[in-house]
Amino acid sequence: MELKQVKNIVEAALLAFDEPLSMKSLVSLFPEEEITANDINQVLNDLEVDYQDRGIELKKLSKGYRLQTRDAVQPWLQHMWEQKPKKLSRALLETLALIAYRQPITRGEIEDIRGVAVSSKIIHYMMDKEWIRILGYRDVPGKPAMLGTTQTFLNYFNLKALQDLPSLAEIKDFETLEQELDFDDLKPEPDENLKQTSSDEQTESDQLPDDINQEQEST
Amino acid sequence: MELKQVKNIVEAALLAFDEPLSMKSLVSLFPEEEITANDINQVLNDLEVDYQDRGIELKKLSKGYRLQTRDAVQPWLQHMWEQKPKKLSRALLETLALIAYRQPITRGEIEDIRGVAVSSKIIHYMMDKEWIRILGYRDVPGKPAMLGTTQTFLNYFNLKALQDLPSLAEIKDFETLEQELDFDDLKPEPDENLKQTSSDEQTESDQLPDDINQEQEST
Amino acid sequence: MSDIANNQEKANQQTGKQPLQQAEMPFAVVEGKPFTTMPTDLYIPPDALEVILEAFEGPLDLLLYLIRRQNLDILDIPIHAITKQYVEYIELMHEMNFELAAEYLVMAAMLAEIKSRMLLPKTHDDEESEEDPRAELIRRLQEYERFKQAAEDIDGLPRIGRDVWEAKVYLDKQTEQEEIIDITIQDLVMAFKEVMMRADLKISHAIEREVLSVRDRMTSVLDSLLSQKTVNFKSLFKREEGKQGALVTFLAVLELLKAHSIELVQQSAFGEIYLQSSGGEV
């Protein structure tokens with residue numbers, strides 16, 4: 001089979017199926033032809049080039065490939081929908097952010113950081129959307145559920161992996177802050193360039209986002 | 001605006017929107033540019049030519065224009081379709097589970113337990129599949145329908161009666177459950193392409209062997 | 001939170017000279033009066049309480065806002081005023097969303113505590129051992145601010161259905177047979193387990209086989225009423241099912257009655273009892 005036909009079939013498959021298609025399922029489109037992952041890769045690269053100048057693009061997600069419209073055409077396409085897409089509330093977004101960056105995290109921990117109770121409605125909504133899931137139960141009194149994000153979450157927000165989340169702002173160490181806040185002390189102004197995160201002020205869970213950010217740098 | 005960009009936007013719109021798009025709605029994509037039906041026609045012709053050699057085609061229906069897969073690629077896509085069983089959403093699965101374990105149950109009661117609205121689509125889907133039925137109407141304000149499972153539902157899971165559904169107390173973990181219910185009988189022939197269910201990823205469940213589905217269909 | 005010290009004085013001067021005169025869009029209207037500025041002190045004017053609770057995600061959010069606006073000096077809180085306000089709140093609590101407002105109260109109390117600890121004279125020993133009372137609050141504020149920012153960042157990510165759309169074409173399924181559905185009994189049981197655990201943490205052990213057999217019987221009783229208008233109560237009991245079966249049937253009927261799912265009719269005293277469906281005429 002010519003690679004050109006492989007390309008046509010792969011393109012049609014990506015457009016015909018709802019979910020992102022993995023390399024494995026793309027290869028399995030051709031049970032009778034000897035098509036390898038290499039061929040598919042070649043074809044996907046070709047498609048990427050084809051779409052370079054177009055309103056659509058090939059997106060690689062964590063578990064597969066998806067064709068989607070480009071950001072650039074959004075202003076025109078949004079006219080087609082009568083209703084504006086639902087805006088996510090700040091409460092939901094903050095809860096989601098905590099789950100994404102701090103997973104596994106319990107509801108109680110989210111409440112501690114946000115300083116307010118997390119409404120069950122928000123949790124249920126995100127569960128229903130399959131953005132979050134229960135990763136297990138913590139072995140402490142009450143056996144609270146540990147929450148984490150899902151594949152669907154990544155796909156929905158166009159992320160390949162958790163590492164691709166925008167990096168978390170750094171925490172300034174307390175001494176720097178104390179200087180800023182302490183009106184009585186006439187200490188020298190802290191050097192902007194020296195504001196570094198000191199490890200002792202960080203909670204243990206900070207390790208996760210930091211790791212994420214470092215990994216992100218290297219990818 | 002260049003016609004090339006108009007083409008890109010029209011293509012993206014046809015791909016983004018589920019329904020066929022009429023000439024009128026295609027023109028209305030460009031409220032601020034002076035784009036006429038003539039321009040759109042030109043662009044659609046260009047697209048038709050572009051797709052000549054491809055796995056997709058532009059189809060003119062009474063309601064408007066639609067992009068669809070070509071007959072020529074159907075055999076490959078068909079194969080994928082058969083390989084890729086439809087995954088039920090969490091919302092559907094939980095609703096079905098509540099109806100099974102808590103029947104007779106009203107939609108309102110399901111919503112109370114799940115904390116989110118149950119979409120009519122889900123109920124209709126399960127009615128269509130004949131997994132659930134209306135058992136009667138409760139004599140409370142609104143006369144809500146009481147939902148229950150069907151014989152088809154029991155057949156589907158190879159159950160003689162409702163009380164053969166595993167009770168929650170029985171679920172210690174997946175392995176015990178599998179042994180108790182003897183899932184090995186139901187499992188498809190070992191296939192290297194199929195992933196086994198792992199206890200922490202129950203959303204990624206095994207494919208159902210085809211014979212179960214066929215059995216169900218024949219009832 | 002940088003430059004707080006620098007801007008604090010400036011802010012104080014500004015608010016001192018011309019309080020509430022900035023020509024801003026009102027952020028809220030309370031009982032007809034527009035609020036163009038956020039409160040300049042920590043605690044909320046009682047009549048704006050409700051609006052302000054809605055505008056902010058919580059006490060930390062409010063506090064951050066106040067700090068940003070340079071209106072609040074964390075280190076100089078008039079304790080007399082705080083206490084007065086505190087009492088006013090408690091009076092308001094009766095009419096308001098108590099749970100939410102309580103979180104603001106906790107914050108006010110925390111600030112009062114900080115202030116009072118700052119006022120206490122320090123010995124050298126204390127300074128060594130005791131942490132700055134502001135440290136915990138500042139840590140929490142910072143931590144919250146990070147995620148407040150992260151939430152905005154996530155909101156800014158291109159989103160399916162808002163910024164980008166999945167590209168899809170129509171797939172003609174004329175030759176394709178019935179779709180295969182991927183669902184196992186494990187999926188079903190786990191789904192039930194999870195939904196119940198979410199609904200009520202105590203329920204996990206409560207679902208026994210017995211309960212299900214009652215559910216099963218409830219369904220079959222309703223089922224018999226789908227085909228017949230009335231069903232003789234006695235006919236529900238089958239000799240071969242024994243005492244156990246009779247008990248299950250009886251419980252099922254009681255459950256259905258309790259839920260207004262069926263009605264019982266009896267023409268005369270000690271006469272036959274019939275079941276009929278309750279809302280069937282809809």
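Here is how names work: the chains are called A, B, and so on, in the same order as the sequence lines, proteins then strands, and each is numbered from 1.
- The aromatic rings of Trp81(A) and Trp165(C) sit parallel, their planes meeting at an angle under 30°, below the 60° perpendicular limit.
- Glu130(A) and Tyr156(A) share no side-chain donor-acceptor pair at under 3.5 Å.
- Proximity to chain C (any heavy atom under 4.5 Å) is shown, for Lys59(A), by neither the backbone nor the side chain.
- Distance check, rounded to the nearest 0.5 Å: CZ of Phe157(A) to CZ of Arg159(C) gives 5.0 Å.
- Between chain A and the residues Glu152(C), Glu166(C), Gln149(C), Arg140(C), the most heavy-atom pairs under 4.5 angstrom are made by Glu166(C).
- Both the backbone and the side chain of Arg90(A) come within less than 4.5 Å of a heavy atom in chain C.
- Glu111(A) places a side-chain N or O within donor-acceptor distance of the main-chain N or O of Val118(A), the cut-off being under 3.5 Å.
- Interface check for chain C: of the options Leu14(A), Ile56(A), Leu77(A), the most heavy-atom pairs under 4.5 Å are formed by Leu77(A).
- Heavy-atom pairs under 4.5 Å with chain A were tallied for Asp153(C), Val169(C), Asp155(C); the largest tally goes to Val169(C).
- In this structure, the side chains of Leu67(A) and Tyr51(A) come closer than 4.5 Å at one or more pairs of heavy atoms.
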